[in-house]
Number of protein chains: 2
Amino acid sequence: MAPIGFASHDHNSCIADAVKSVDAACAASGLQFTPVRKRVFEILLEEHRALGAYEVLDRLRSEGLGSQPPVAYRALDFLTKHGFVHKIERLNAFIACAHPTEKHTPAFLICRKCSAVAEAETDIAQGRLAGIAADTGFAIERAILEAEGLCPNCRPSDEKA
Amino acid sequence: MAPIGFASHDHNSCIADAVKSVDAACAASGLQFTPVRKRVFEILLEEHRALGAYEVLDRLRSEGLGSQPPVAYRALDFLTKHGFVHKIERLNAFIACAHPTEKHTPAFLICRKCSAVAEAETDIAQGRLAGIAADTGFAIERAILEAEGLCPNCRPSDEKA
DNA sequence: TGATATATGTCATAGTATAACATATCAACC
DNA sequence: GGTTGATATGTTATACTATGACATATATCA
Ligand SMILES: [Zn+2]
Ligand SMILES: [Zn+2]
Ligand SMILES: [Zn+2]
Ligand SMILES: [Zn+2]
C-alpha cells in the first residue's frame with residue numbers, strides 16, 4: 001500500500017469514504033460510532049496531519065461538543081484502540097488511519113519541517129529485529145516505527161537526486 | 001550486536017566500562033562530561049531499564065546534585081544528543097545506550113509486564129520503509145523502532161516454543 | 001419496562017517538559 | 001594573570017500531556 005500524505009488527492013471524497021467505511025465497520029462489530037467519536041475522526045481526517053489531543057479538544061469546544069480533556073481523550077482512545085486512528089509517539093499526537101478497515105502494522109514518515117505525516121506499511125515480523133526477538137525469546141506483540149526527516153515538498157530541490 | 005537486558009552480566013564492570021568509554025569519547029570530542037551528566041549516565045546504567053526524567057531527578061535530589069526539572073532534562077538532553085542515552089518514546093523515559101561509542105540506529109524490545117528494555121540494532125536503510133521513502137522522495141534522517149511484548153522472563157514457559 | 005452495560009459531563013489532579021533569566025564555570029586568547 | 005565569549009548550572013514559573021473519580025445520561029437487551 002502506497003503512503004498517502006505527500007500527494008494531493010480528492011479530499012472531500014477521501015473524508016466521506018473513510019467515515020462511511022468506519023461507520024460500517026462499527027455497525028458490523030457492535031461498536032458505537034457516536035457523534036463525538038465521529039467528529040473527532042473527521043477532524044483528524046480534515047488535516048492529514050497529527051493533531052494533539054488539546055488541538056482536537058479546542059475544535060470540539062468551539063463546536064459545543066465537549067470542553068474537558070477526558071472527552072477528547074476518550075474519543076481518541078476508542079478510535080486508537082480499534083485501529084481507526086494512530087498515535088504518533090514522537091509527537092504525542094494523533095492521525096487518522098490511511099486505510100482504517102484493513103488489519104495492518106503502520107509505519108510513519110514524519111516531516112520535521114512541515115509536520116506532514118504519511119502512513120506506510122511495514123512488516124516487522126520479517127525484519128532484523130524479529131530475528132533478534134526470536135533468538136532471545138522475546139514475543140513481539142506490537143511495534144512502533146516512526147521515521148523522521150524531510151518530505152518531498154520540504155527538500156531542497158537540488159538534493160532530490 | 002546482540003541485545004543486552006534480558007540476561008545477567010557483570011554489572012559493576014559494565015557500568016565502569018561504559019562510563020570510561022564515554023569519558024574518553026567526550027574528551028576526544030571536546031565535550032564536557034560534567035559531574036551531573038556523568039551521574040545521570042551512571043543512574044541509568046545502574047538499572048538497565050528506562051527511567052523517567054523525574055525518577056532521575058529524584059535520585060539527583062537525594063544526592064544533592066540538583067533539585068529542579070531542568071537539571072535532569074539538560075543532562076538527559078546532552079546524553080541523548082550525543083548518543084550515550086536513548087529516549088524511549090513509548091514510555092517517555094530514558095535508557096543508557098548499550099554500546100554508547102559506536103555509531104548505530106537503535107531499536108528496542110520493551111516488556112509490557114516487567115518494563116525491561118533491551119537495545120538491539122536495526123538497519124532502517126534496508127527495510128521496506130526505506131523503499132517507500134525512496135519512492136516518494138522522503139529523506140529519512142532518523143528512525144524510532146520500539147517493539148512491545150513479553151520478555152523471556154515474563155513469558156509463560158509453555159509458550160516458549 | 002426494568003436491569004445492565006456503555007458513554008458523557010465535570011472537577012480535580014498527576015505526569016512530562018520547557019521558557020526565561022540570573023549566576024557560575026570553563027576555554028582561549030592577549 | 002586578566003579579559004572575554006561560550007558553555008553550564010541554579011531557580012522560578014509555567015506550559016503541555018494525560019488520567020482518576022464520580023455523577024448523570026444514553027443505549028442495549030431480556
Ligand atoms: Zn484526504
Ligand atoms: Zn515537509
Ligand atoms: Zn550492566
Ligand atoms: Zn518482562
Side-chain angles (χ1 to χ4, degrees), chain A residues 22-23 25-41 43-44 49-82 84-95 115 144 146, chain B residues 22-23 26-41 43-44 49-82 84-95 110 115 144 146:
Chain A
V22 168
D23 214 334
C26 287
S29 311
L31 302 172
Q32 299 183 43
F33 198 35
T34 64
V36 178
R37 292 169 176 175
K38 182 177 293 193
R39 189 66 196 116
V40 168
F41 186 53
I43 286 167
L44 293 177
R49 73 179 176 88
L51 296 183
Y54 282 73
E55 289 182 271
V56 171
L57 179 59
D58 285 345
R59 283 173 172 70
L60 290 179
R61 186 179 285 134
S62 72
E63 298 173 12
L65 271 173
S67 61
Q68 302 301 322
V71 173
Y73 278 102
R74 283 172 187 150
L76 290 167
D77 286 349
F78 169 87
L79 294 166
T80 302
K81 176 178 176 186
H82 294 101
F84 306 136
V85 159
H86 302 296
K87 181 172 185 186
I88 311 290
E89 298 288 346
R90 181 77 180 82
L91 304 175
N92 293 319
F94 301 83
I95 191 165
S115 295
I144 293 162
E146 297 173 0
Chain B
V22 167
D23 215 334
C26 285
S29 312
L31 301 173
Q32 300 182 43
F33 197 37
T34 64
V36 178
R37 291 169 177 175
K38 182 176 294 194
R39 188 67 195 115
V40 168
F41 186 53
I43 286 167
L44 294 177
R49 74 181 174 90
L51 296 183
Y54 281 73
E55 289 182 271
V56 171
L57 179 58
D58 284 345
R59 283 174 173 69
L60 291 178
R61 185 179 286 133
S62 72
E63 299 173 13
L65 271 173
S67 60
Q68 301 303 323
V71 174
Y73 279 103
R74 282 173 187 146
L76 290 166
D77 285 348
F78 169 88
L79 294 166
T80 301
K81 177 178 175 187
H82 297 290
F84 306 136
V85 159
H86 303 296
K87 181 173 185 186
I88 311 291
E89 298 288 347
R90 181 77 180 80
L91 304 176
N92 294 318
F94 302 83
I95 191 166
I110 305 167
S115 296
I144 292 162
E146 297 173 2

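Bear in mind the structure is a predicted one, so any value in this text is a computation, not a measurement. Convention: sequence-line order gives letters A, B, ...; per-chain numbering from 1.
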Contact check, side chains of B:Leu65 and B:Val40, non-hydrogen atoms, under 4.5 Å: no

Checking contacts here: which listed nucleotide (C:dT10, D:dG10, D:dA8) is nearest the side-chain heavy atoms of A:Ser67? C:dT10

Parallel, tilted or perpendicular: ring planes of B:Phe84 versus B:Phe78, cut at 30 and 60 degrees: tilted

Choosing from D:dT19, C:dT18, C:dG9, which nucleotide comes nearest the side chain of B:Pro69? C:dT18

Separation of D:dT17 atom P from A:Glu55 atom CD, nearest Å, is 8 Å

Has the side chain of A:Tyr54 got a donor or acceptor that lies under 3.5 Å from a partner of the other kind on the base of D:dA18? yes

Write down the distance between CZ (B:Arg39) and P (D:dT9), rounded to a whole number of angstrom. 15 Å

By nearest nucleotide on DNA chain D, pick out whichever of B:Pro35 and A:Leu91 is the more 5' one. B:Pro35

Using a strict threshold of under 4.0 Å (side-chain N to carboxylate O), is an ion pair present between B:Arg61 and B:Asp58? yes

Indicate whether OP1 or OP2 belonging to C:dT8 is found under 4.0 Å from a side-chain N or O atom of A:Thr34. yes

Would you call B:Lys38 and B:Asp23 a side-chain contact if the rule is heavy atoms closer than 4.5 Å? yes

Between D:dT19 (P) and A:Leu76 (CG): distance, integer Å: 11 Å

Respond yes when some side-chain nitrogen or oxygen of B:Lys87 is under 4.0 Å from OP1 or OP2 of C:dA17, and no when none is. yes

Can you identify which nucleotide, out of D:dT28, C:dC26, D:dT9, has its nearest atom closest to the A:Gln32 side chain? D:dT28

Nearest whole angstrom, please: distance from the C1' of C:dA7 to the CZ of A:Phe33. 15 Å

In whole angstroms, how far is the C1' atom of C:dA7 from the NZ atom of A:Lys81? 13 Å

5'-most by nearest nucleotide on DNA chain D - B:Asn92 or B:Phe78: B:Phe78

Is any side-chain heavy atom of A:Arg37 less than 4.5 Å from a side-chain heavy atom of A:His82? no

For the pair made of CZ in B:Arg90 and P in D:dT17, what is the distance, rounded to whole Å? 17 Å

Quick check for you: among C:dT8, C:dA17, D:dT9, whose closest atom lies nearest to any side-chain atom of B:Arg74? D:dT9

Heavy atoms from C-beta onward define the side chain here; which of C:dT8, D:dT9, D:dA18 lies closest to that of B:Arg37? D:dT9

Would you say A:Tyr73 reaches D:dT19's phosphate, i.e. side-chain N/O to OP1/OP2 under 4.0 Å? no

Nucleotide D:dG20, atom C1' - distance to CD of A:Gln68 in whole Å: 14 Å

Whole Å only: how far is the CG atom of B:Leu57 from the P atom of D:dT12? 14 Å

Nearest to the side chain of B:Pro70 - D:dT12, C:dT10, D:dT17? D:dT12

